[in-house]
Participant: 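One structure follows; several queries about it will come next.
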Protein chains: 2
Amino acid sequence: MTTLMSPDELEAALRQVGAERYHNRHPFHHRMRDGRCTRDEIAAWALNRYYYQSQIPIKDATIIARMDDPALRREWRRRIIDHDGNSDADRDGGIARWLALTDAMGFTREEVTSTRLILPATRFAVDAYVNFCAKRSLLEAIASSLTELFSPEIIGERTAGMLAHYDFITSDTLSYFTERPPQAQRDSDFTLAYVREHARTPEHQHAIIAALEFKTGVLWAQLDALWHAYVEGHVPPGAWKPDP
Amino acid sequence: MTTLMSPDELEAALRQVGAERYHNRHPFHHRMRDGRCTRDEIAAWALNRYYYQSQIPIKDATIIARMDDPALRREWRRRIIDHDGNSDADRDGGIARWLALTDAMGFTREEVTSTRLILPATRFAVDAYVNFCAKRSLLEAIASSLTELFSPEIIGERTAGMLAHYDFITSDTLSYFTERPPQAQRDSDFTLAYVREHARTPEHQHAIIAALEFKTGVLWAQLDALWHAYVEGHVPPGAWKPDP
């Protein structure tokens, strides 16, 4: 990548990464959407993905801590509020809504929030994301959130599929996903405009595309690990084992 | 874990972690040892594990950078020399010997050393190890290398099995493993004595056991990812794909 792309060409290249690598193409997503998952597979997904949810505000605070511009910090902090909630009541926000799902799957709050039962591969992938946002350039850290461009569609598929196919799933337990698409839309609009404007060299553009590829790998690896452990039945030592 | 164990009890607890969680119990190891791996599976293993090998001296330098005692630094730096080599010739040392294996499997040096073809899950697991050694206490960082207690046995099994079963494997291509067991024995003798002496509270002892559990998870997750991608055939986007 030695020539400078136009902003539209850059956006097209980013959308191509999503078309080829986003986890809406993963067999675990198709299985969940189509009603082929067991209850234990959904439980394992909810339990593990809690760790991802729990680290998102930490990732975003890491990014904010690297921003010199108050306006940019104000924009980005909405993400923390979305996840941690507006009030002091610990009842709203994405993390609280995620816990409604793990509650419904029968986990205690301690089992979930201690994260002691998750797959090591989940932890490694999620921590890699937080570390990426701490160590790479601010532009790359911001660009890594561009998977949100593709999330409204996967959330729509997932929610409709899960409500249609699983009697243990209700719209209450999926409230995380009801709230999320407009937030993701707003955030990805901002991020896309930001990277279109700030990627002023071929090297910047290459780094932005690589950051999005990296992030799709973080998401894909989590579903690979769930598939291996809970569809194929190879649960690694120490992780949650469903009752036989 | 609220009571202080004796050093012998601590050592027994550590050996129990190995008995339950070390990757000599992983199906991929059994498959490789017993001659059931395809050539491509061995190639994928060599390609991915190169990244682990390449980060070991970085992990050890990170640990040395946290040591105040010159004698301790002198002890630990032998590990860097073992991996990076004694001379300026770039021909000895564990990493150079590992490249003899990836050469034999048909990869170019660029394909291997760029690490652009490895599984994202390999990168996440290995980076988690380096980060653990940078961020946790020095005692935990040191303790995480205790998997070396168990490595001479797995290396013996692996080497004998591979030489017996695969005609593309020779003692030259496995020279990494010929050199490694006495180094691992020496290093783990030191580390075991160190943790026996320095774990003076139940909290220290608990942290040491948890560090070893963490490290076994790093090794196990790498074989899980190889199995999922190359035994089951679910290669994630961007990673090396064998010729059909």
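What you see is a predicted model; the values in this text were computed from it and never measured. Numbered from 1 within each chain, the chains take letters A, B, ... in sequence-line order.
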Participant: Parallel under 30°, tilted from 30 to 60°, perpendicular over 60°: which one fits the rings of B:H26 and A:H228?
Facilitator: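 B:H26 vs A:H228 ring planes: parallel.
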
Participant: Most heavy-atom pairs under 4.5 angstrom with chain B, which of A:L119, A:D127, A:V218?
Facilitator: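 Ranked by heavy-atom pairs under 4.5 Å with chain B, first place is A:V218.
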
Participant: With a 4.5 Å heavy-atom cut-off, do A:N131 and B:K135 have their side chains touching?
Facilitator: yes

Participant: Under 4.5 Å heavy-atom distance to chain A, tell me which part of B:E213 shows up: side chain, backbone, both or neither.
Facilitator: neither

Participant: Crowded around B:E153 CD? As in, over 12 foreign heavy atoms under 6.0 Å?
Facilitator: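 No, because the 6.0 Å sphere around CD of B:E153 holds 12 heavy atoms or fewer from other groups.
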
Participant: Please rank B:P27, B:A239, B:P236 by heavy-atom pairs under 4.5 Å with chain A and give me the top one.
Facilitator: B:P236

Participant: Quick one: are B:W220 and A:P120 in side-chain contact, heavy atoms under 4.5 Å?
Facilitator: no

Participant: Of the non-hydrogen atoms in B:A221 and A:F124, which two are nearest, and what is the gap between them?
Facilitator: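 So the minimum-distance heavy-atom pair works out to CB-CE1, 3.8 Å.
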
Participant: Taking all heavy atoms of B:R21 and all of A:P237, pick out the closest pair and write down the distance.
Facilitator: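 Scanning both residues, the minimum pair turns out to be CG-CB, 3.6 Å.
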
Participant: Please round to the nearest 0.5 Å and tell me the distance separating atom NE2 of B:H234 and atom CZ of A:F28.
Facilitator: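 Between atom NE2 of B:H234 and atom CZ of A:F28 there are 12.5 Å.
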
